[in-house]
Amino acid sequence: MTRKAKKELKSIIHELSAKGYKRSIDWKGYEVYEPVYKGTLYIGGPLVILVNGDDAWLAQDDEGDEYIHYRRLKIEEEKAAGQG
C-alpha cells in the first residue's frame, strides 16, 4: 500500500470512529481492509475499505455485500481443503 493510500485509509477509519483496521482477503484486484471496533457495532451493511494504488475508499453497499459473500465462500473453500 502506498503512503497516500495508507493516509486515506487512516482518514476513513477515523471518520468511522473505529479503533483500527485489519487486512482481509483481496478481491477483484483490490486490497481489502475492515474497520475494527472495541465492541459490537450494529450499523447496517458490511463496511469494507478497498485500496488500489494510491486510492482508498469505503465500498458501496452492493460492493460490501458482494465482498462479504466472496469472503465467506473463500473461507469455506480453505476449510474444506484443509480437511481433505
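- Salt bridge absent: K28 and E63 never bring a charged side-chain N and a carboxylate O closer than 4.0 Å.
- Ion pair E78/K74 not flagged as a salt bridge, since none of the NZ, NE, NH1 or NH2 atoms sits closer than 4.0 Å to an Asp/Glu carboxylate oxygen.
- Atom CG of residue D55 and atom CG of residue L50 lie 11.0 Å apart, to the nearest 0.5 angstrom.
- Heavy atoms only, all atoms of each residue included: A59 and G64 are closest at CB-N, 4.1 Å.
- Note: W27 and Y67 have perpendicular aromatic rings, judged against thresholds of 30 and 60 degrees for the angle between ring planes.
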Stepwise side-chain contact (heavy atoms from CB on, under 4.5 Å) check, Y37 with L47: CA-CA 12 Å; Y37 294 90; L47 292 178; 3.8 Å; yes

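- The OG atom of S11 lies 11.0 Å from the CG atom of L58; values are rounded to the nearest 0.5 Å.
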Salt bridge (Lys or Arg N to Asp or Glu O under 4.0 Å) between K4 and E8, intermediate numbers included: CA-CA 6 Å; K4 182 177 183 279; E8 289 180 17; 2.8 Å; yes

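- Of all heavy-atom pairs between V32 and D26, the closest is N-OD1, 4.0 Å.
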R71 and E34: CA distance, side-chain angles, deciding distance, side-chain contact (heavy atoms from CB on, under 4.5 Å) verdict: CA-CA 12 Å; R71 187 184 73 169; E34 297 178 16; 2.5 Å; yes

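- Under the 4.5 Å side-chain heavy-atom criterion for grouping Ile, Leu, Val, Met, Phe, Trp and Tyr, V51 is connected to I13 within one hydrophobic cluster.
- Closest approach of L16 and P35 over heavy atoms only: CD1-CG, 4.0 Å.
- The number of heavy atoms from other shown groups lying within 6.0 Å of NZ (K6) does not exceed 12.
- Hydrophobic clustering (ILVMFWY, side-chain heavy atoms < 4.5 Å, transitive): W57 and V48 are in one cluster.
- The distance from atom OH of Y21 to atom CD1 of I12, rounded to the nearest 0.5 Å, is 11.0 Å.
- A distance of 7.0 Å separates CD1 of I75 from OG of S24, quoted to the nearest 0.5 Å.
- Judged by distance alone, with hydrogens and angles left aside, the side-chain atoms of Y70 form no donor-acceptor pair with the main-chain N or O of I25 at under 3.5 Å.
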